[in-house]
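Beneath this line is the structure, given in structure tokens, with notes to follow.
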Amino acid sequence: MDLLKDLNSQQQHAVTAPPGPILVLAGPGSGKTRVLTHRIAYLIQQFGARPEEMIAVTFTNKAAREMSSRLRDLLGGLEAGAAGVSLGTFHALCARILRREADRLPVTRDFAIFDDADQQSLVRQALKELNLDPRQNPVGSIQAAISSAKNELILPTEYGASTYFAEVVRRVYAVYQNHLTANNAVDFDDLLLWAVRLLREHDDLREKYRRRYPHILVDEFQDTNTAQYVLLRLLAGEQPDLFVVGDPDQSIYGWRGADYRNVKRFQEDHPKSQIILLEQNYRSTQTILDAAMAVIDRHPARQKKRLFTDRGSGPRIVFHEAYDETDEARFVIETISLLTLEGSANPGDCAVMYRANAQSRPLEEAFLKANLPYRLVGAQRFYGRREVKDVIAYLRLIQNPADQVSLLRVLNTPARGLGEKSVEALLRVAAEAMLSPGEWLVRLARQSDLGPAQAGAFTGKAMAALSAFGRMLEPWTARRDETPLVDLIDQILAGTAYQAWIDDGTEEGAERWANVMELRGVAQEYSELGLAMFLEHVALVSDQDTLTDAQNAPTLLTLHAAKGLEFPVVIIVGLDEGVLPHQRSIESAEELAEERRLFYVGITRAKDQLFLVRAFRRRLFGASAMSEPSRFLYDLPSDLLEGDIVGSQTREQAVYARQTRWEDKPLTLSPSFQVGMRVQHPAFGEGIVLSSRIDHDDEEITIAFEGVGVKRLAASLAPLRVLEG
DNA sequence: TTCATGCGGATTTTT
DNA sequence: TCCGCATGAA
């Protein structure tokens with residue numbers, strides 16, 4: 001079959017490039033998944049690469065699945081071959097390596113993977129031990145700080161403490177890490193961090209994996225963080241066949257440690273790398289692309305891409321200013337109803353996007369009031385629900401009795417009279433016996449006789465409850481490998497009378513039980529693979545994966561959640577200063593630029609029609625306040641728009657607003673000094689500009705001054721006056 | 001162990 | 001405004 005026949009020339013160029021470091025800058029809707037899958041097929045067919053030698057990394061399981069199925073279609077008869085490619089998320093692939101090489105780690109291969117909530121629970125515990133007040137040292141902030149440190153590959157001993165908070169973090173981090181090991185657990189970030197450490201510190205392992213995976217492909221490369229970048233470098237070795245695809249313009253996870261500058265770093269680290277741009281868009285109308293480019297071109301120091309399509313210009317973008325958020329929601333409903341009525345779109349073709357989850361509320365209320373169905377993405381996550389986490393915690397405890405976080409979660413769930421005092425005593429006694437509390441309980445169940453000292457540690461009631469718990473747990477752990485997974489879950493539910501505990505007869509109660517049953521359903525699919533794989537799955541999936549497109553209803557989702565998706569009709573609401581860009585991001589040029597990219601991502605989700613909505617006044621934290629149009633709106637050329645952004649404002653105000661907003665300051669730089677300009681400097685006198693380039697958020701100019709020589713200056717600092725351009 | 005109360009904080013969340 | 005928590009009373 002001819003692999004190249006349905007690729008455009010840029011895509012062909014990327015797919016057929018000789019093996020080596022290759023950077024593909026792929027605009028939205030430019031077919032990057034297609035390029036990745038074709039590249040894999042091409043390497044197999046033209047270079048005789050074996051699928052087992054290839055590793056393809058994505059950021060989401062969804063993307064991995066998508067690639068896997070597209071690859072299967074593509075390779076057709078080579079199905080077995082396609083299956084040989086190691087395809088998965090960074091985290092999943094690292095978890096696999098860690099389990100395989102567990103003998104070099106401080107945990108066993110049964111280690112648990114701790115999520116955010118588990119991490120916070122450990123942080124809380126550490127704070128307690130260090131006698132620090134969780135009120136003054138917010139658990140979430142500390143956890144986030146530890147997470148960023150890990151993403152930057154900073155170990156507890158290396159953590160610099162220049163402020164009081166950093167000192168707190170430093171201490172908590174150390175204790176936290178010890179606890180993780182004691183729990184026989186790693187957290188999300190550890191999956192990457194340990195993988196890097198393994199490859200860094202063990203020459204034989206590094207060699208082994210380099211030989212094993214000579215071909216590496218990476219999707220969404222702009223979203224890699226430092227740990228992931230370093231991991232790739234370690235895996236890739238000196239003569240890498242490293243094919244990375246990304247789009248710095250769609251980098252919206254900087255706040256999670258992703259660093260689009262890795263794209264630049266890649267070019268510096270691989271000076272011979274090939275750079276290929278994918279600019280033809282197969283998704284949107286030219287009007288939408290023009291709007292998107294107008295927004296993103298204000299972001300300097302970027303590799304420009306000219307997005308184009310052969311789809312034609314399509315309808316103009318509609319801007320609407322609503323009175324308040326209720327009115328905004330009403331406009332959304334009316335718009336969707338109208339489109340449905342005229343037959344230009346199905347409800348399911350429409351997506352409503354917003355900056356923050358809180359904005360979904362007025363929208364949901366409007367949908368409910370209008371008695372219209374909708375799909376809400378994100379918000380309350382299935383695997384974050386209490387009842388789901390409870391059952392998983394039981395399973396995790398069975399798989400890994402050292403998992404103290406899970407134990408403490410379920411020890412008194414359902415309530416069995418084991419309060420704080422009993423827990424403290426249990427932890428103390430277990431520590432004395434040099435066992436984890438879970439193991440201690442199992443041992444307690446196995447030998448009826450207790451040391452007198454230990455028996456004295458508990459009240460009679462607590463003792464009875466503990467041994468009952470131990471006797472329940474013991475057979476589950478002892479026979480965990482023979483017991484079918486669903487049977488195990490049923491035993492847990494029966495043994496704990498769990499339904500009675502969560503289903504209180506209310507509607508919520510029924511829903512909670514339904515969630516448990518849904519989890520049981522997922523477990524059913526894992527009956528072959530078993531408990532360990534099931535736990536791996538639930539630890540590493542996200543809820544995005546649960547997004548089904550079954551019903552024909554509009555989708556409500558955040559701009560972040562929208563990345564990677566597309567819809568015929570997109571309505572972006574809340575285009576107000578303080579909402580998009582978010583209040584919190586306005587101060588920092590870097591964050592403001594990310595808000596801009598977020599808007600860009602939103603715009604480029606639209607295939608046919610785009611609606612932009614804002615509200616004249618908006619209720620924020622209770623108080624209602626006037627809001628101003630988002631500064632990003634002023635970047636849209638008016639000939640693409642239907643509806644006037646100026647809205648109720650007077651012309652004068654609008655002009656003022658436009659001027660004062662031209663700033664996203666440092667970052668909106670396009671070089672203001674041109675080569676050949678004559679300039680005047682108070683100290684150096686007159687000179688001629690030799691070159692100018694934007695570096696980060698400043699302009700760096702090289703000037704030849706008469707009688708002084710060549711100087712390199714920063715435009716923001718040097719007091720330069722232009723004499724003639 | 002559970003409920004009531006008060007306080008502080010309030011983005012985004014691929015794994 | 002409203003949610004989650006930490007804390008204190010029953």
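Basis for what follows: all heavy atoms, side chains included, without hydrogens, waters or symmetry-related copies. All chains are named by letter (A, B, ...) in the order of the sequence lines, taking the proteins before the strands, and each is independently numbered beginning at 1.
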Has [X] got a side-chain N or O lying under 4.0 Å from the OP1 or OP2 atom of [N]?
X: Asn357(A); N: dT13(B); answer: yes
X: Asn61(A); N: dT14(B); answer: no
X: Thr558(A); N: dT13(B); answer: yes

Set of side chain to side chain donor-acceptor pair (under 3.5 Å) partners for [X], sequence neighbours left out:
X: Thr226(A); answer: Glu152(A)
X: Glu66(A); answer: Arg70(A)
X: Gln228(A); answer: none

Open item on the list: Strictly below 4.0 Å, N to O, side chains only: are Arg355(A) and Glu595(A) in salt-bridge contact?
Closed with: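 Counted as a salt bridge, because a side-chain N and a carboxylate O are separated by less than 4.0 Å.
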Holding to salt bridge (Lys or Arg N to Asp or Glu O under 4.0 Å), I want the full list of residues that pass it with [X], two or more places apart in sequence or in another chain.
X: Glu424(A); result: none
X: Asp503(A); result: none
X: Lys369(A); result: none
X: Asp219(A); result: Lys32(A)

- [ ] Determine, answering yes or no, if Trp255(A) is stacked on dT12(B) under the 5.5 Å centre rule and the 30° plane rule.
- [x]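 Ring-base stacking flag set for Trp255(A) and dT12(B).
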Task: Centroid under 5.5 Å and tilt under 30°, His582(A) to dT11(B) - done: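 By the stated criterion, His582(A) and dT11(B) stack.
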Quick one: [X] [atom1] to [N] [atom2], roughly how many Å, whole number?
X: Asp189(A); N: dT14(B); atom1: CG; atom2: P; value: 14 Å
X: Arg619(A); N: dT1(C); atom1: CZ; atom2: P; value: 6 Å
X: Arg597(A); N: dT14(B); atom1: CZ; atom2: C1'; value: 16 Å
X: Glu594(A); N: dT14(B); atom1: CD; atom2: P; value: 15 Å
X: Gln359(A); N: dT1(C); atom1: CD; atom2: P; value: 19 Å
X: Glu591(A); N: dT12(B); atom1: CD; atom2: C1'; value: 11 Å
X: Asp116(A); N: dT13(B); atom1: CG; atom2: P; value: 12 Å
X: Asp259(A); N: dT14(B); atom1: CG; atom2: C1'; value: 16 Å

Task: Along DNA chain B (nearest heavy atom to each residue), the more 5'-positioned of Leu418(A) and Ala358(A) - done: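 Result of the comparison: Leu418(A).
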Enumerate all atom pairs, one protein N or O and one N or O from nucleotides 2-8 of chain C, separated by less than 3.5 Å.
unit_1	atom_1	unit_2	atom_2	d
dC3(C)	OP1	Arg361(A)	NH1	3.4

- [ ] Check DNA chain B against residues 405-417 of chain A and give the residues with a non-hydrogen atom under 4.0 Å, in numerical order.
- [x]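 Residues of residues 405-417 of chain A under 4.0 Å from DNA chain B: Asn412(A), Ala415(A), Gly417(A).
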Task: Given dT14(B), dT12(B), dT11(B), the nucleotide with the shortest approach to the side chain of His560(A) - done: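 Closest of the options to the side chain of His560(A): dT12(B).
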- [ ] Taking atom C1' in both dT12(B) and dC5(C), compute the distance separating them and give it to the nearest angstrom.
- [x]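 After rounding to an integer number of Å, I get 22 Å for this pair.
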TODO: Would you mind telling me which of Lys563(A), Arg256(A), Gln250(A) makes a side-chain hydrogen bond (donor to acceptor under 3.5 Å, both in side chains) with Asp223(A)?
DONE: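 Output: one option passes, namely Lys563(A).
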TODO: Give the minimum heavy-atom separation between Gln359(A) and Val573(A), together with the two atoms involved.
DONE: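 Between these two residues, the closest heavy atoms are NE2-O, 3.9 Å.
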